[in-house]
4 protein chains.
Amino acid sequence: MHHGNRHGRSEQARLAVLEAADDLLVEHGFARLTVEAIAQRAGVAKQTIYRWWPSKTDLLLDAFLTDAAEELVPPDTGDLVTDLHVHLSNLARFLTNSDAGAVYRALTAESLHDPRLATRLRTEYLSAQRARDRLPLQRAVIRGHLPASTDLDALADHLVGPLYYRALITGEEIAPPYVEGLLASVLRGATAGPGMVQP
Amino acid sequence: MHHGNRHGRSEQARLAVLEAADDLLVEHGFARLTVEAIAQRAGVAKQTIYRWWPSKTDLLLDAFLTDAAEELVPPDTGDLVTDLHVHLSNLARFLTNSDAGAVYRALTAESLHDPRLATRLRTEYLSAQRARDRLPLQRAVIRGHLPASTDLDALADHLVGPLYYRALITGEEIAPPYVEGLLASVLRGATAGPGMVQP
Amino acid sequence: MHHGNRHGRSEQARLAVLEAADDLLVEHGFARLTVEAIAQRAGVAKQTIYRWWPSKTDLLLDAFLTDAAEELVPPDTGDLVTDLHVHLSNLARFLTNSDAGAVYRALTAESLHDPRLATRLRTEYLSAQRARDRLPLQRAVIRGHLPASTDLDALADHLVGPLYYRALITGEEIAPPYVEGLLASVLRGATAGPGMVQP
Amino acid sequence: MHHGNRHGRSEQARLAVLEAADDLLVEHGFARLTVEAIAQRAGVAKQTIYRWWPSKTDLLLDAFLTDAAEELVPPDTGDLVTDLHVHLSNLARFLTNSDAGAVYRALTAESLHDPRLATRLRTEYLSAQRARDRLPLQRAVIRGHLPASTDLDALADHLVGPLYYRALITGEEIAPPYVEGLLASVLRGATAGPGMVQP
DNA sequence: ATGTAACCGAGACGGTACGTCGGGTCTTGCC
DNA sequence: GGCAAGACCCGACGTACCGTCTCGGTTACAT
């Protein structure tokens, strides 16, 4: 265990900062998440924070990616409905009830003010998450449970969009029946033949 | 032309403040939307702002509700698909490309940090907007073009959720084909009989 | 008693700052005389200090000029030796033992690093002080107790120079006999005819 | 020529540091004389500086004593006036115009804030300098050109005090006539019998 | 017409947090 | 074991806005 030296930064300091940021955000909210408070909580000098992170949001993003990278991997049971039900439920819980989700919501909020952060959040987290969201659908196509012509990007959007909408916009809870209804409606649309839609 | 007096506030000052806030947000972004800048731009004293609006977000919400209350009323052509296509396209444009939408995105961002604002945004704007989102569906039920048993709240969520998701989360554009695909998928799911969904 | 308003700065705040600066310098020395400490001691915001004084030394100079402007006026007893003895003793006490002298020494120290301050200190304090130093000599010339041809500037330098030297450079105390010896030596030189000086 | 090793400190590093400190002080003034700048200019690590000098002023004092110890030795021509004229002129030039004088002025400035440095500056430089200032007077006493009863300390003070006063306090130049006038006045006082001074 | 009371622009105030800078300490690995 | 390198903690710096306050001027109704 060492401090900074000519060969690089102190991993100890780095982790203390990331954890302090996480904790302070969850405990006191974004408004009280100041660099000074993070530094004090982490037992670190402010300058050490500014040395390694250009801004508070870069720091939060780093904390989020470090802590939460492994979450939200969908299961692979062989059954599309089961896989999606589990995955969407996990996503809903992440968005509404988890500590990592609190960090994610704060980052999303900031990204609406800051296009640079929005880009980083998308390239460094969201694109991978969207790939995970598509995984059960891709497997179902391979198994023949979904038509090969299915637009998987669109279908994934139709499934997760309403969850983000409720979690971040309407603020309503996402109970299991809601997930089931969503799943039924969207999958029915995906598997039905060309319907009554054209006017 | 009058200023404040014992009988009430100056409408002139009120409008100047709201317009200045709107303009500064659109021109320079939320970060540079300071009360001092609004006061200077509006030619108004800071105290006049604090006298009438408890916080900057209350001011923004007032500006948003004043400017944009009349927008996004869905048409009533008698055809569900047409009505929804127009309405969802308008919603997409509002969320991604309008000045009022910029204010709405900023308010949404703040509401993720501030539950009190979230509540106000929902009761004073979002609930009415969601009612407008349901209107075409309600009319279709009355006309018999949708089953009477349809869960309209859920159906509306499934339609608008992906638009909010793309506009606020993924940042992708929402082209006409995307709206059409969404409409086809969700309406097909709504009108198909009970499908293959149950395992 | 009022705070700042459209009519200008708060005299209350101004005096609190000047007094706090004086006190802190005398109590803790220049090293611990920070703007933050002054602000806290005066019950004033840091910005209030920066609003009115360009730098800490400008503040100190203001404090010095406000507090000490009336000091060190030489007496006029009609007797040159008495006048000078009193005046030089007062000057010695000011330089070595007074609170105002502590501020003066600090300003002098800074002026050795800062030509701008040196100029201000000379034009706003020292030139007046040097005029006061010459006063007893001028009166003696008028009374005929000193030759009319006397170079008063030089003579004053010869009297006060050694006091500044001991007070600021050698740090030795300046006891009454020292002042008397100085006076005897310099005045003897001033009143003697052209002496053995030319080689 | 060797670097630091088991045999002791690197003389090369020591001299590079002292010279860098001197140069930076003369070139950029005391304000920009930072330890980091000295280290960089000397091609030395900061720690090497802190290892050998307790503080920046100790370093400056070391630089001053190393560079300037040999200066300001008065001549011995056998003629008091000549000796003093040369010596006082050299002293005046040192105080106002030399590089070593710049370092001395900076040290003097710091010593007014720092009693510990003041003591060191007096014991390690000033006392020797004052002894040199007294040398011509002592020789004159031996030669019988000054009364044996002369208070040499006081006389030396009366001669150099006004030079320090002009150089450090009033900032005026010290031209040859000023030195001559000073010399004439003070020596006349020293050689005249008991004068008109007692009231 | 004059007095009164509420609102107005202006801007100084006490604060909080920012991001930067320099001082002085510590660790590593080369020589 | 001295050295260069450089990350570290500490704490003061000067800045930007915050939200509060007081002021003198303005306006419009009520006497």
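Every chain is numbered from 1 and lettered A, B, ... according to where its sequence line falls, protein lines coming before strand lines. Basis for what follows: all heavy atoms, side chains included, without hydrogens, waters or symmetry-related copies.
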Would you call C:E27-C:R41 a salt bridge at under 4.0 Å N-O? yes

Below 4.0 angstrom, which residues in residues 39-52 of chain A have at least one non-hydrogen atom near DNA chain F?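 Heavy-atom cutoff 4.0 Å gives A:G43, A:V44, A:A45, A:Q47, A:T48, A:R51, A:W52.
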
Testing C:L18, C:L107, C:L65 one by one against C:L60 for a side-chain contact (heavy atoms from CB on, under 4.5 Å), which residue passes?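 For C:L60, the side-chain contact (heavy atoms from CB on, under 4.5 Å) check succeeds only for C:L107.
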
I need the [atom1]-[atom2] distance between [X] and [N], as an integer number of Å.
X: B:W53; N: E:dC7; atom1: CH2; atom2: C1'; answer: 13 Å
X: A:Q12; N: F:dC9; atom1: CD; atom2: C1'; answer: 13 Å
X: A:L33; N: E:dT16; atom1: CG; atom2: P; answer: 18 Å
X: A:E11; N: F:dA7; atom1: CD; atom2: C1'; answer: 14 Å
X: B:R14; N: E:dG9; atom1: CZ; atom2: C1'; answer: 20 Å
X: D:L24; N: E:dG22; atom1: CG; atom2: C1'; answer: 15 Å
X: B:I38; N: E:dG9; atom1: CD1; atom2: P; answer: 14 Å
X: D:E36; N: E:dT20; atom1: CD; atom2: P; answer: 15 Å

Report the residue (B:R32 or D:A13) whose heavy-atom-nearest nucleotide on DNA chain F is the more 5′ of the two. D:A13

Have B:D58 and B:S55 got a donor and an acceptor in their side chains that come within less than 3.5 Å?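 Yes, a side-chain donor-acceptor pair sits under 3.5 Å.
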
Honestly, is D:K56 close enough over D:F30, meaning NZ or CZ under 6.0 Å from the six-membered ring centre and within 45° of the axis? yes

Tell me whether the guanidinium CZ or amine NZ of C:R9 lies under 6.0 angstrom from the six-membered ring centre of C:W52 and within 45° of its axis. yes

Examine distances only and state if a side-chain atom of C:T123 and a backbone atom of C:T119 form a donor-acceptor pair shorter than 3.5 Å.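 The answer is yes, because a donor-acceptor pair under 3.5 Å joins these two groups.
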
